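One structure is given below, encoded as structure tokens.
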Amino acid sequence: MKVLVIGGDGYCGWATALYLSNKGYEVGILDSLVRRHWDNELGVETLTPIAPIQQRIQRWYDLTGKSIDLFVGDITNYEFLKKALHKFQPGAIVHFGEQRSAPFSMIDREHAVLTQVNNVVGTLNLLYAMREDFPDCHLVKLGTMGEYGTPNIDIEEGYITIEHNGRKDTLPYPKQPGSMYHLSKVHDSHNIHFACRIWGLRATDLNQGVVYGVLTEETGMDELLINRLDYDGVFGTALNRFCIQAAIGHPLTVYGKGGQTRGFLDIRDTVRCIEIAIANPAQPGEFRVFNQFTEQFSVGDLAIMVKKAGNAMGLNVEINNLDNPRVEKEEHYFNAKNTKLLDLGLQPHYLSDSLLDSLLNFAIKYQKRVDNQQILPKVSWHRR
């Protein structure tokens, strides 16, 4: 099958493109390369040295004999998007092509607007292109567990059956997003649900937890194939950030009390979940939702685990509780369901001491690339 990976130059997208190519799928990458531009704007570099996308793809071909098509452009440009789709003719589209940072979306009005336009308009363009010319194509869209927020009831997978005034119905699960980024994902989900319901498109929405790790079988094959690993206060995610902080002797930055609980998964499981969704497509008219995570941790618990693993390696790891720059419940009930991908065959990589050791050693290897000025959070959710 031909699979187009939109956002294939990014953290999840690059690992997925190589994984699918290695599995025998005919892969294309469509990317505006704007993620690299945002690094320049923020004055930060990812921990790992990232080669130009053309060089990465060439190295993959040299090593494996497998070619990946490349389309450089922006999906908010409808004419470009249509031309790329017609040239590649995908059977499935994996959509990672969104601004994915909550702090980035909360910097100011301009970054909020940029996030909403990039994410919502880009996805809307894709839905119209599918409706017009690719109605049988299966859309596999990366959503986020952050759409749900932290309700005081169990989080179901996309839908909830409720009884009200003696009547019963199954409805989309209520959303309580916590940033302009998460809001954009909610808008996406509504638009995709509409397109399936009204136009008969088929889509799988993967509400993904926080991803950690850097190495997959494919990205570990060669230095030029290495994936990005962000540690800064804007794009760095909790566990990756903590491991890099531990490696350079910086106190771990826990926001507030550290009781915020989220779903997490290894990047090796991210790529496998995408493959499972592609191999088991939604039906025409079906908007399917999978909660894509394997374990739940509080931020404070993760910090303690990294401290323990770092100390065992001889690192001096301390934990600092900072004033929380976000507006969120710091202690809350969190119990989310995640059975659908497991039922379809996902065999999770659970967080282990060996994985933490691997991440810490990886961070130590590249520690000279860390800019200490970029570690602390600089974006606040609070009214100025």
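Predicted model only: the values in this text are computed from it and were never measured. Just so you know, residue 1 is the first one in the sequence shown, and it goes up from there.
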Heavy-atom count check: over 12 atoms from other residues, nucleotides or ligands less than 6.0 Å from Gln54 CD?
yes
Would you find more than 12 non-hydrogen atoms of other residues, nucleotides or ligands less than 6.0 Å from Met130 atom CE?
yes
Could you walk me through whether Glu328 and Arg262 pass the salt bridge (Lys or Arg N to Asp or Glu O under 4.0 Å) check?
CA-CA 12 Å; Glu328 61 185 355; Arg262 301 290 185 266; 3.1 Å; yes
Under a 4.5 Å cut-off applied to non-hydrogen side-chain atoms, are Cys243 and Leu356 in contact?
yes
Inter-residue atom distance Asp301.CG - Gln260.CD, 0.5 Å rounding
11.0 Å
The criterion is side-chain hydrogen bond (donor to acceptor under 3.5 Å, both in side chains); which residues satisfy it with Glu330, sequence neighbours excluded?
Asn324
Can you check whether His382 reaches Pro325 side chain to side chain, under 4.5 Å on heavy atoms?
no
With sequence neighbours left out, the residues meeting salt bridge (Lys or Arg N to Asp or Glu O under 4.0 Å) with Lys337 are Glu156
Is the positively charged end of Arg241 above the ring of Phe235, judged by distance under 6.0 angstrom from the centroid and angle within 45° of the axis?
no
Heavy-atom count check: over 12 atoms from other residues, nucleotides or ligands less than 6.0 Å from Asn372 CG?
yes
Main-chain N/O of Asp9 paired to Asp31 side chain as donor or acceptor, under 3.5 Å:
yes
Decide yes or no for Val94 and Phe96: does some side-chain heavy atom of the first lie under 4.5 Å from some side-chain heavy atom of the second?
yes
Look at Asp230 together with Arg35 and state whether they make a salt bridge at an N to O cut-off of under 4.0 Å.
yes
Would you say Gln245's side chain and Thr253's backbone share a donor-acceptor pair under 3.5 angstrom?
yes
Testing the basics here: between Pro90 and Cys137, what is the closest heavy-atom pair and its distance to 0.1 Å?
O-SG, 3.6 Å
Just checking, is any N or O donor in the side chain of Tyr350 or Asp266 under 3.5 Å from an acceptor N or O on the other one?
no
Begin from the C-alpha positions of Gln99 and Asn119 and carry the test side chain to side chain donor-acceptor pair (under 3.5 Å) through to its verdict.
CA-CA 7 Å; Gln99 192 297 99; Asn119 296 2; over 6 Å; no
Near Asp353 CG, under 6.0 Å, is it more than 12 heavy atoms from other residues, nucleotides or ligands?
no
More than 12 heavy atoms of other groups within 6.0 Å of Tyr333 OH
yes
In terms of heavy-atom contacts, Val254 and Ala303 come closest through CG2-CB, 3.6 Å
Do side-chain atoms of Thr16 reach the backbone of Cys12 as a donor and acceptor pair under 3.5 angstrom?
yes
Check Asn291 against Gly158 and note the closest heavy-atom contact, atom names and distance.
OD1-N, 4.5 Å
If we ignore hydrogens and angles and just use 3.5 Å, is the side chain of Thr294 paired with the main-chain N or O of Phe264 as donor and acceptor?
yes
Which value, rounded to the nearest 0.5 Å, describes the distance between Asp343 atom CG and Ile276 atom CD1?
10.5 Å
Once side-chain hydrogen bond (donor to acceptor under 3.5 Å, both in side chains) is applied, do any residues pair with Lys141, and if so which ones, sequence neighbours excluded?
Glu98, Asp188
Residues in side-chain hydrogen bond (donor to acceptor under 3.5 Å, both in side chains) contact with Tyr11, at least two apart in sequence or another chain
Asn240
Could you check whether the rings of Phe104 and Trp38 sit parallel, tilted or perpendicular, using 30° and 60° as the cut-offs?
tilted
Classify the angle between the aromatic ring planes of His332 and Phe334 as parallel (below 30°), tilted (30 to 60°) or perpendicular (above 60°).
perpendicular
What closest approach, in Å, do Thr216 and Ala15 show between heavy atoms, and which atom pair accounts for it?
CG2-CB, 4.1 Å
Whether over 12 other heavy atoms sit under 6.0 Å from Glu163 CD:
yes
Heavy-atom check, side chain of Arg197 versus side chain of His193, under 4.5 Å
yes
Ring of Trp14, cation from Arg228 - is the NZ or CZ under 6.0 Å from the centre and inside 45° of the axis?
no
Any side-chain heavy atom of Leu47 within less than 4.5 Å of one from Val370?
yes
Side-chain heavy atoms of Phe290 within contact of Cys273, under 4.5 Å
no
Report yes if some heavy atom in the side chain of Leu351 is under 4.5 Å from a heavy atom in the side chain of Leu239; otherwise report no.
yes
Are Ile93 and Leu142 connected in the hydrophobic side-chain network, where two residues link if heavy atoms are under 4.5 Å apart?
no
As an exercise, state the distance from CD1 of Ile226 to OG1 of Thr46, rounded to the nearest 0.5 Å.
9.0 Å
When you measure from the side chain of Asn320 to the backbone N and O of Leu322, does any donor-acceptor pair fall under 3.5 Å?
no
Which atom of Lys307 lies closest to which atom of Ile319, heavy atoms considered
CD-CD1, 3.9 Å
Is the cationic atom of Lys2 (NZ for Lys, CZ for Arg) positioned less than 6.0 Å from the six-membered ring centroid of Phe88 and within 45 degrees of its normal?
yes
Taking the side chain from Thr115 and the backbone from His111, do they hold a donor-acceptor pair closer than 3.5 Å?
yes
Tell me, yes or no, whether the heavy-atom count around Glu217 atom CD, taken from other residues, nucleotides or ligands under 6.0 Å, exceeds 12.
no
List the atom of Ala195, the atom of Leu127, and the distance in Å for their closest heavy-atom pair.
CB-CD2, 4.0 Å
Under 3.5 Å: donor-acceptor pair, side chain of Asp371, backbone of Glu45:
no
Rounded to the nearest 0.5 angstrom, the CG-CD1 distance for Leu85 and Ile6 is 6.5 Å
Distance, nearest 0.5 Å, that separates CG of Leu183 from NZ of Lys185:
13.0 Å
The salt bridge (Lys or Arg N to Asp or Glu O under 4.0 Å) partners of Glu132 (sequence neighbours excluded) come to Lys82
Taking a hydrophobic cluster as the set of Ile, Leu, Val, Met, Phe, Trp and Tyr residues connected by side-chain heavy atoms closer than 4.5 Å, whether directly or through intermediates, do Ile68 and Phe71 fall within one such cluster?
no
Basic-acidic side-chain contact under 4.0 Å: Lys175, Glu147:
yes
Side-chain touch Arg100/Thr237, heavy atoms, less than 4.5 angstrom:
yes
OH/Tyr128: more than 12 non-hydrogen atoms of other groups inside 6.0 Å
no
Looking at Thr123 and Val120, would you say the former's side chain and the latter's main chain have a donor-acceptor pair under 3.5 Å?
no
Rounded to the nearest 0.5 Å, how far does CG of Leu359 lie from CZ of Phe242?
13.0 Å
With Arg202 via salt bridge (Lys or Arg N to Asp or Glu O under 4.0 Å) - residues at least two apart:
none
